[in-house]
Amino acid sequence: MRNLEKNYDPKQIEDRIYRQWSEQGCFHARINPEKKPYTIVIPPPNITGQLHMGHALDETLQDILIRYKRMCGYEALWLPGTDHASIATEAKIVEAMRKEGLTKEDVGRESFLERAWAWKKQYGGRIIEQLKKLGSSCDWERERFTMDEGCSEAVQTVFLQLYEKGYIYRGERIINWCPHCKTSISDVEVEYEEQNGHFWHLRYPFEDGSGYLELATTRPETLLGDTAVAVHPDDARYASAIGKMLILPLVGRRIPVVADTYVDKEFGTGVVKITPAHDPNDFEVGQRHNLPVINVLTDDAKIVSEYPAYAGMDRYEARKAIVFDLEAQGYLVRVEEHAHNVGTCQRCGITVEPRVSLQWFVRMEALAKPAIDAVREHRIRFVPERFEKNYFHWMENIRDWCISRQLWWGHRIPAWYCEDCGEMIVSAQAPEFCSGCGSSSFQQDPDTLDTWFSSALWPFSTLGWPKQTEDLAYFYPTSTLVTGYDIITFWVSRMIFSALEYTGKIPFETVLIHGLVRDSQGRKMSKSLGNGIDPLELIDQYGADALRFTLVSGNSPGNDMRFYIKEVESSRNFANKLWNAVRFALTYLTIDTVTLPAEMQLEDRWILHKCNRLVRDVRENLNKFELGIALQKLYDFLWDDLCDWYIELIKPRLFETNTDQMTRISAQQVLSYVLVQTLSLLHPFMPFITEELYQSLPHFPGCGNLLMVEPYPEYTETLEFCSAAEEMGCIIELIRQIRQLRNQMNVPYSKKTRLYLETKHISTYRDGIECIKRLASAEALLFEKVPDGLNVTSVVTSDVKAFIPLGELVDLEKEKNRLLTEKKKLENEIARLNTKLSNPGFIAKAPEKVVLEERVRLEGYQKQIENTLEVLAKLS
RNA sequence: GGAGGCAUAGCUCAGCUGGGAGAGCGCUUGCCUUACAAGCAAGAUGUCAUAGGUUCAAGUCCUAUUGUCUCCACCA
């Protein structure tokens with residue numbers, strides 16, 4: 001038996017406990033046909049990342065689930081790893097090089113990649129170490145990286161398969177281009193923000209001199225690339241203009257007026273300039289009308305050399321110059337203020353530029369369908385269910401996925417171009433000879449794949465796919481995916497359709513969605529605001545368990561939470577409470593096994609009953625992913641029932657002053673039983689402190705198992721003690737009343753009062769008399785009828801009248817008033833219940849159980865008010 | 001424009017399939033009662049956003065309204 005410090009100090013134990021788990025191989029999952037597998041793959045953190053509060057929440061939820069299932073007897077695998085995060089990492093490396101005065105082009109592709117791998121080596125491990133600080137019980141022997149050999153093979157296999165099936169194609173399309181990162185980005189990587197801009201009204205003259213058309217634009221600089229003007233086919237105002245030619249101002253190009261239903265007659269003048277190269281809608285109009293696509297911007301958003309007057313100007317400079325020229329030449333009608341949404345790059349924040357370019361795409365329609373069905377048929381379940389709607393909306397309106405990126409860090413596209421004839425060959429290795437011309441010199445496609453392309457394969461690539469490994473056969477499909485609602489579209493949806501397509505199976509059964517951790521003012525935590533709270537600092541200060549407790553308590557799936565340091569403090573206090581409960585127990589435990597006594601006191605049966613119910617509830621809540629509720633129940637039981645009531649009640653039995661060995665031992669037995677049960681129940685939530693305390697219990701050296709691998713408590717029919725629970729409830733009620741009275745009368749705790757109890761349930765109160773004596777600080781005597789002539793004041797419950805000699809209390813008037821208030825309250829309750837019970841509808845339609853409950857309740861109040869009135873009469 | 005969330009004590013939030021309004025923090029009062037002052041005991045505070053509806057019964061289900069946040073789409 002070890003002596004515990006007075007206050008819980010997580011720093012003393014956390015690293016030691018983690019090492020112990022690790023050294024005993026508790027994290028490692030082994031294929032075991034005797035057991036059912038339970039698998040979680042971690043949402044791989046970026047190698048650029050530091051652990052932030054969002055991770056802390058995500059990992060805590062996963063660790064709770066995995067520890068719970070492990071203790072429930074599943075072969076639990078939590079598979080960890082990291083993501084190469086192509087654009088984010090590349091941006092960081094470019095930035096680091098910029099400080100050295102270098103660019104990507106300066107160092108070249110090969111040496112750039114060397115830097116990237118060095119980065120991975122240096123920082124990829126950092127976040128893993130941080131995960132360990134949280135207590136994450138990942139199987140580190142199975143740690144993966146999206147660009148390791150196996151995952152890369154998976155990526156290549158998928159690419160080749162999809163290409164052969166015709167799902168991957170290469171084409172000129174309009175895509176989102178980031179002029180800063182100089183790469184394409186997918187639709188979901190664009191973030192829209194409202195900006196104040198202008199609406200420039202321009203006039204484009206007809207070629208035949210018969211006037212002009214007036215239109216408006218927010219981007220006058222794209223005029224250089226206009227290849228038509230469009231009106232609605234049914235718009236009577238412009239019917240005669242359709243098919244006529246206009247002269248494009250400043251450029252002099254002849255462009256047609258076309259009719260297209262894309263145009264909104266009601267908006268502006270009902271005339272739209274069409275710039276197929278720089279607007280997605282215009283691009284489509286262009287396709288329909290066979291319009292030329294004229295690109296006017298370079299890859300860093302400057303005007304191309306074909307327009308000497310503006311060549312080399314940045315897009316915003318060009319805008320000014322062009323507006324100036326338009327005005328000077330009389331083409332500008334007026335300028336309006338106009339607020340509109342502008343797309344920006346998720347990574348760098350620069351305004352994206354729609355741009356026509358040659359990219360690789362995944363054809364999504366056929367892939368999306370089975371993925372929609374899987375969720376619709378509830379083969380995959382979202383928790384909470386409402387996030388299905390997000391998913392369906394996205395999947396049902398899905399567009400082709402642009403997967404090529406003009407980046408170097410990532411999986412390079414396995415396509416090769418013949419240097420002689422230009423023939424494209426898609427294959428894993430460089431081809432030997434060109435199938436077209438027989439040449440043997442090839443260039444590999446310079447582009448890499450969208451980082452989400454590899455994360456989409458994560459649930460199965462990490463288990464060995466495309467190889468049919470034993471791991472894959474046993475642990476796949478995985479069980480639960482835990483992630484934030486912000487990446488359902490980026491990631492969850494892509495894993496679902498990928499898994500169905502390549503493995504023919506769902507990737508996971510349940511998606512547990514959590515919200516964002518916000519700051520105390522409800523703002524997102526972000527670097528730019530500087531409002532982030534570092535989880536590692538909190539762990540350092542309050543312990544990992546306290547942080548975990550804070551993140552889970554009061555949090556419900558899918559909802560955002562605000563984070564207060566104050567709450568971590570109270571979580572820490574809870575840990576300390578638990579610590580001290582065990583510390584107390586240890587000073588009195590003389591037994592070293594955990595068995596329940598044959599003979600138990602009332603309070604023993606009561607706490608066992610409550611503990612057993614707790615086991616049932618916590619399991620139920622955990623099975624339903626209601627982690628916050630489960631934790632709340634544990635908190636209430638431990639603090640209130642166990643510490644404030646049970647331990648206080650059994651103190652007299654535990655102390656040396658108790659010479660009755662039997663009651664002394666039985667108290668120890670029940671206490672250690674309840675402690676083992678609750679430490680086990682709480683372990684998934686607060687693994688460190690529970691493990692440490694469990695090991696300090698005297699039975700531990702005998703059993704020898706770490707708590708982490710002990711079985712999770714199970715509900716036991718034989719521990720249902722309903723009548724004990726009821727009787728104890730009455731006694732608790734009585735004690736509360738007496739305490740209230742003493743408090744109101746300013747009787748100090750140290751002063752014991754005499755107490756005469758009058759009740760018809762002598763046996764019940766005989767069992768509880770010691771409890772009353774101790775917790776109400778009273779010398780209690782039991783009577784069926786209290787002798788007359790005692791000048792007394794009193795406390796009243798439904799089945800007991802308690803009298804305290806008047807001399808021991810201070811104020812008779814006060815006491816009368818107290819009882820009158822009590823009477824009033826009771827009258828109100830009785831009236832309410834009478835109304836309810838005399839309602840024929842209620843009697844007829846409410847379930848019998850509910851009616852009965854209300855009747856019992858009413859009876860209780862009636863007895864109580866009788867007692868109250870009787871006592872009031874005595875007082876006056 | 002489309003979809004969804006939230007609105008409960010001074011603050012932050014729980015409240016599962018309808019059946020007497022809860023927790024933490026804060027506040028008031030009294031206590032160093034042989035585990036814990038990071039503690040113990042007692043207490044105060046709520047037209048559960050508004051208006052209807054369903055029901056014997058609504059914080060809970062339905063409809064509308066207001067406020068607020070988010071996601072999706074993006075109209076020149």
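In the text below, chain A, chain B and the rest are named by the order of the sequence lines, each starting its count at 1.
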> Is Lys651(A) near enough to rA35(B) that one of its side-chain N or O atoms lies under 4.0 angstrom from OP1 or OP2?
Replying inline: yes
> Using the P atom in both, what is the distance from rU70(B) to rA58(B), to the nearest Å?
Replying inline: 35 Å
> Of the nucleotides rA76(B), rC74(B), rC71(B), which one has an atom closest to the side chain of Lys524(A)?
Replying inline: rC71(B)
>> Rounding to an integer number of Å, can you tell me how far Trp579(A) CH2 sits from rC36(B) C1'?
In response: 12 Å
> Taking the P atom of each, how far is rG22(B) from rU45(B), in whole Å?
Replying inline: 13 Å
> How is Gly628(A) classified with respect to the nucleic acid when contacts are heavy atoms under 4.0 Å: base, sugar-phosphate, or nothing?
Replying inline: nothing
>> From the set rG15(B), rU70(B), rA76(B), return the single nucleotide nearest to any side-chain atom of Arg518(A).
In response: rU70(B)
>> Please tell me if Thr587(A) has a side-chain N or O lying less than 4.0 Å from either OP1 or OP2 of rA35(B).
In response: no
> Arg583(A) has a side chain; which of rC56(B), rC11(B), rA35(B) sits nearest to it?
Replying inline: rA35(B)
>> Would you say Tyr588(A) places a side-chain N or O within less than 4.0 Å of OP1 or OP2 belonging to rA35(B)?
In response: yes
> Reckon Arg219(A) has a side-chain N or O less than 4.0 Å from the OP1 or OP2 of rA76(B)?
Replying inline: no
>> Centroid separation under 6.0 Å, is that true for the rings of Tyr391(A) and His393(A)?
In response: no
> Can you tell me the Watson-Crick or wobble partner of rU65(B), both distances under 3.5 angstrom?
Replying inline: rA49(B)
>> Can you tell me which nucleotide in rA14(B), rC56(B), rC36(B) comes closest to the side chain of Ile629(A)?
In response: rA14(B)
>> Run the ring-ring contact (aromatic ring centres under 6.0 Å, His included) test against Tyr238(A) and tell me which residues pass, sequence neighbours left out.
In response: none
> So how far is it from Ile772(A) CD1 to Leu649(A) CG, rounded to the nearest 0.5 Å?
Replying inline: 10.0 Å
> Say you draw a straight line from CG of Leu654(A) to CD1 of Ile647(A); how long is it, rounded to the nearest 0.5 Å?
Replying inline: 8.5 Å
>> Distance check, C1' atoms only: rA23(B) and rC61(B), in whole angstrom units.
In response: 26 Å
> Glu193(A) has an atom CD; how far is it from atom P of rC71(B), in whole Å?
Replying inline: 13 Å
> With a 4.0 Å cut-off on heavy atoms, is Asp486(A) in touch with a base, just the backbone sugar-phosphate, or nothing at all?
Replying inline: nothing
>> Please report the distance separating the P of rA73(B) from the corresponding atom of rU54(B), rounded so that it comes out in whole Å.
In response: 41 Å
>> Using atom P in both nucleotides, what's the gap between rA44(B) and rC36(B) to the nearest angstrom?
In response: 30 Å
>> Using 0.5 Å steps for rounding, measure from the CH2 atom of Trp639(A) to the CG atom of Asp644(A).
In response: 8.0 Å
>> So, does Arg386(A) get its side chain near the phosphate of rG4(B), meaning an N or O under 4.0 Å from OP1 or OP2?
In response: no
> Quick one: does Asn839(A) reach the base of rC56(B) with a side-chain donor-acceptor pair under 3.5 Å?
Replying inline: no
> Touch check for Tyr192(A), heavy atoms < 4.0 angstrom, all strands: base, sugar-phosphate only, or nothing?
Replying inline: base
>> I need the CE-C1' distance between Met395(A) and rG2(B), as an integer number of Å.
In response: 19 Å
> Aromatic ring centroids of Tyr588(A) and Phe655(A) under 6.0 Å?
Replying inline: yes
>> Between C1' on rC71(B) and CD on Glu388(A), what's the gap in Å once rounded to a whole number?
In response: 16 Å
> Where the side chain of Glu854(A) is defined as all heavy atoms beyond and including C-beta, which of rA35(B), rC16(B), rG19(B) is the nearest nucleotide?
Replying inline: rG19(B)
> What is the nucleic acid contact for Asn555(A), judged by heavy atoms within less than 4.0 Å: base, sugar-phosphate only, or nothing?
Replying inline: nothing
>> What's the gap between rA14(B) and rA9(B) when it is taken at their C1' atoms, as a whole Å value?
In response: 13 Å
Show each protein N/O and nucleotides 23-31 of chain B N/O combination with a separation under 3.5 Å, one pair to a line.
{"residue": "rA23(B)", "atom": "O2'", "partner": "Gln632(A)", "partner atom": "NE2", "Å": "3.4"}
{"residue": "rG24(B)", "atom": "O2'", "partner": "Ser570(A)", "partner atom": "OG", "Å": "3.3"}

>> When the P atoms of rU60(B) and rA49(B) are compared, how many Å lie between them, rounded to an integer?
In response: 8 Å
> Who is the Watson-Crick or G-U wobble partner of rA41(B), with both distances under 3.5 Å?
Replying inline: rU29(B)
> Would you say rC40(B) has OP1 or OP2 under 4.0 Å from some side-chain N or O of Trp639(A)?
Replying inline: yes
> What is the distance from CD1 of Ile487(A) to P of rU70(B), rounded to the nearest Å?
Replying inline: 19 Å
> Would you find a donor on one side and an acceptor on the other, under 3.5 Å apart, between the side chain of Asn580(A) and the backbone of Arg583(A)?
Replying inline: no
> Nearest 0.5 Å, what's the CG-CG distance between Leu551(A) and Leu61(A)?
Replying inline: 8.0 Å
> With both distances under 3.5 angstrom, what nucleotide forms a Watson-Crick or G-U wobble pair with rA3(B)?
Replying inline: rU70(B)
> Would you call Asp235(A) and Arg237(A) a salt bridge, taking side-chain N to carboxylate O under 4.0 Å as the test?
Replying inline: yes
> With no angle test and no hydrogens, is the base of rA42(B) tied to the side chain of Arg739(A) by a donor-acceptor pair under 3.5 Å?
Replying inline: no
>> Need one value for Glu648(A): base, sugar-phosphate or nothing, where a base atom within 4.0 Å counts as base even if backbone is also close, heavy atoms only.
In response: base
> Using purine N1 to pyrimidine N3 plus N6-O4 or O6-N4 for Watson-Crick, or N1-O2 and O6-N3 for G-U wobble, each under 3.5 Å, what pairs with rU60(B)?
Replying inline: none
>> Assess the residue pair Gln632(A) and Asp636(A) against the criterion (side-chain hydrogen bond (donor to acceptor under 3.5 Å, both in side chains)); give the C-alpha distance rounded to whole Å, side-chain angles, the decisive distance to 0.1 Å, and a yes or no.
In response: CA-CA 6 Å; Gln632(A) 182 65 46; Asp636(A) 290 343; 3.2 Å; yes
>> Under 3.5 Å for both donor-acceptor distances, Watson-Crick or wobble: does rG24(B) have a partner, and if so which one?
In response: rC11(B)
> What is the nucleic acid contact for Ala844(A), judged by heavy atoms within less than 4.0 Å: base, sugar-phosphate only, or nothing?
Replying inline: nothing
>> Below 4.0 angstrom, which residues in residues 277-285 of chain A have at least one non-hydrogen atom near RNA chain B?
In response: Asp279(A), Asn281(A)
> Tell me: NZ of Lys849(A) to C1' of rG19(B), nearest whole Å?
Replying inline: 9 Å
> Taking the same atom, P, in rU17(B) and in rG5(B), what whole-Å distance lies between them?
Replying inline: 14 Å
> Looking at the rings of Phe574(A) and Tyr635(A), which for Trp means the six-membered one, are their centres under 6.0 Å apart?
Replying inline: yes
> So what's rA35(B) paired with, Watson-Crick or G-U wobble, going by both distances under 3.5 Å?
Replying inline: none
> Looking at OG1 of Thr222(A) and NE2 of His278(A), how far apart are the two atoms once the value is rounded to the nearest 0.5 Å?
Replying inline: 7.5 Å
> Taking for each residue the nucleotide of RNA chain B with the nearest heavy atom, is it Phe267(A) or Phe655(A) whose nucleotide lies nearer the 5' end?
Replying inline: Phe655(A)
> Out of curiosity, Arg855(A) CZ to Leu833(A) CG, how far, rounded to the nearest 0.5 Å?
Replying inline: 11.5 Å
> Rounding to a whole Å, what distance do you find between Arg203(A):CZ and rA76(B):P?
Replying inline: 22 Å
>> Rounding to an integer number of Å, can you tell me how far Lys577(A) NZ sits from rA35(B) C1'?
In response: 8 Å
